[in-house]
Amino acid sequence: MRIILLGAPGAGKGTQAEILSQHYCIPAVSTGNLIREAVRAQTPLGLRVQAVIERGELVSDETVIQILTERLTKPDCEGGFILDGFPRTVPQAQALELISDVDCVLSIEVSDERIIKRMGGRRSCPKCGATYHVDYKPSAGGENCQHCGEFLVVRNDDKPEVVLHRLETYHAQTEPLKVFYEKTGKLLCVEGQEEVKDTTALVLEALASL
Ligand code: AMP
């Protein structure tokens with residue numbers, strides 16, 4: 001199964017990607033996580049893109065296509081993958097067509113109003129990168145990371161003013177991908193629900209219809 005998850009930042013792509021990854025035993029590939037890992041490790045790439053992601057803007061197509069291509073050639077992607085956060089522009093989608101086929105593109109639809117409300121509850125671990133939500137996905141460690149014990153923080157790009165900018169970027173650059181994929185007949189849309197499990201049920205139902 002090769003799945004693309006589309007949706008605004010905060011629509012729940014990452015959470016559903018993790019659940020689908022376990023369900024289908026295939027890796028969830030998040031370009032956002034790969035980029036944040038590079039920033040945490042202060043690699044040359046991480047140093048180059050740190051300011052861009054903190055402003056809520058997109059990393060260049062060339063850079064992100066290179067990161068994704070390297071990741072998809074790893075052996076664990078041979079049996080399929082779930083893409084979370086890639087492609088985000090039409091040139092990225094065109095590049096992906098040259099790298100791999102996909103079976104379906106699933107768009108998780110959530111209104112901007114609900115996204116803004118949800119993003120206020122997002123927390124992340126500055127040490128290991130794990131992500132949580134105070135209401136929908138709380139850490140078993142309370143205000144600390146359940147994996148490594150680090151105190152959880154609000155990521156710079158989850159701050160309200162940056163979220164607004166990320167939503168603008170989503171509507172301008174990523175939403176046109178729905179038209180792009182509708183033409184291929186591979187687009188499925190589900191309404192993101194309040195409860196994670198309810199969204200998962202709709203996602204699995206949509207995928208079962210393939
Ligand atoms: P995410 O966690 O998917 O919201 O990604 C966090 C940030 O990483 C984004 O706001 C972008 O700055 C960058 N990023 C992740 N994926 C992409 C992509 N496909 N194209 C460009 N920038 C990306």
Side-chain angles (χ1 to χ4, degrees), residues 2-18 20-21 27-43 45-72 77 81-100 102 105-108 110 112 115-116 118-126 128-133 137 152-178 180-181 192:
R2 288 153 301 184
I3 305 169
I4 294 174
L5 290 182
L6 281 185
K13 299 186 300 293
T15 304
Q16 296 302 326
E18 278 174 31
L20 291 176
S21 163
V29 174
S30 155
T31 41
N33 283 350
L34 293 171
I35 292 168
R36 277 187 293 275
E37 264 165 43
V39 171
R40 263 197 308 280
Q42 296 281 286
T43 65
L45 166 85
L47 292 170
R48 212 167 66 228
V49 301
Q50 183 162 10
V52 176
I53 78 164
E54 288 191 354
R55 285 197 302 269
E57 287 164 12
L58 294 185
V59 171
S60 75
D61 286 337
E62 193 192 354
T63 301
V64 83
I65 288 165
Q66 191 189 339
I67 294 171
L68 198 268
T69 308
E70 276 170 25
R71 180 65 188 87
L72 289 191
C77 290
F81 48 77
I82 298 147
L83 294 186
D84 159 20
F86 187 99
R88 258 177 156 103
T89 64
V90 171
Q92 290 179 21
Q94 288 164 335
L96 180 60
E97 286 187 325
L98 303 177
I99 308 169
S100 174
V102 292
V105 180
L106 198 102
S107 174
I108 304 178
V110 179
D112 285 6
I115 297 268
I116 291 163
R118 276 190 195 181
M119 293 293 252
R122 266 197 178 187
R123 298 290 179 271
S124 85
C125 175
C128 75
T131 55
Y132 303 95
H133 191 284
K137 195 185 165 197
L152 300 175
V153 298
V154 177
R155 247 165 45 194
N156 277 344
D157 62 339
D158 283 344
K159 297 201 167 134
E161 62 282 12
V162 184
V163 168
L164 286 178
H165 190 39
R166 289 171 73 194
L167 281 172
E168 278 167 18
T169 306
Y170 169 75
H171 291 303
Q173 302 202 50
T174 308
E175 218 170 13
L177 288 178
K178 288 204 301 195
F180 181 94
Y181 284 119

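Given the structure is predicted, the values throughout are model-derived calculations rather than measurements. Numbering of ligands and ligand atoms starts at 1, following listing order.
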Between ligand 1 and the protein, give all atom pairs where both partners are nitrogen or oxygen and the distance is under 3.5 Å, as lines of names plus distance to 0.1 Å.
from, atom 1, to, atom 2, distance (Å)
ligand 1, 2 (O), R36, NH1, 2.9
ligand 1, 2 (O), R36, NH2, 2.9
ligand 1, 3 (O), R88, NH1, 3.0
ligand 1, 3 (O), R88, NH2, 3.2
ligand 1, 4 (O), R88, NH2, 2.9
ligand 1, 4 (O), R166, NH2, 2.8
ligand 1, 12 (O), E57, O, 2.5
ligand 1, 16 (N), T31, OG1, 2.8
ligand 1, 16 (N), G85, O, 3.3
ligand 1, 16 (N), R88, NH1, 3.0
ligand 1, 19 (N), G85, O, 2.8
ligand 1, 19 (N), Q92, OE1, 2.9
ligand 1, 20 (N), Q92, NE2, 2.9
ligand 1, 22 (N), V59, N, 3.1

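Residues T15 and K137 come closest through the heavy atom pair OG1-CD, 4.2 Å. When all heavy atoms of A93 and Y181 are compared, the closest pair comes out as CB-OH, 3.4 Å.
For the pair R166 and D158, the salt-bridge criterion is met [side-chain N within less than 4.0 Å of a carboxylate O].
For the atom pair I67 CD1 and L45 CG, the distance stands at 4.5 Å (nearest 0.5 Å).
Here R118 pairs with nothing under the side chain to side chain donor-acceptor pair (under 3.5 Å) rule; sequence neighbours left out.
Counting only distance, with no hydrogens or angles, the side chain of K13 and the backbone of A8 share a donor-acceptor pair below 3.5 Å.
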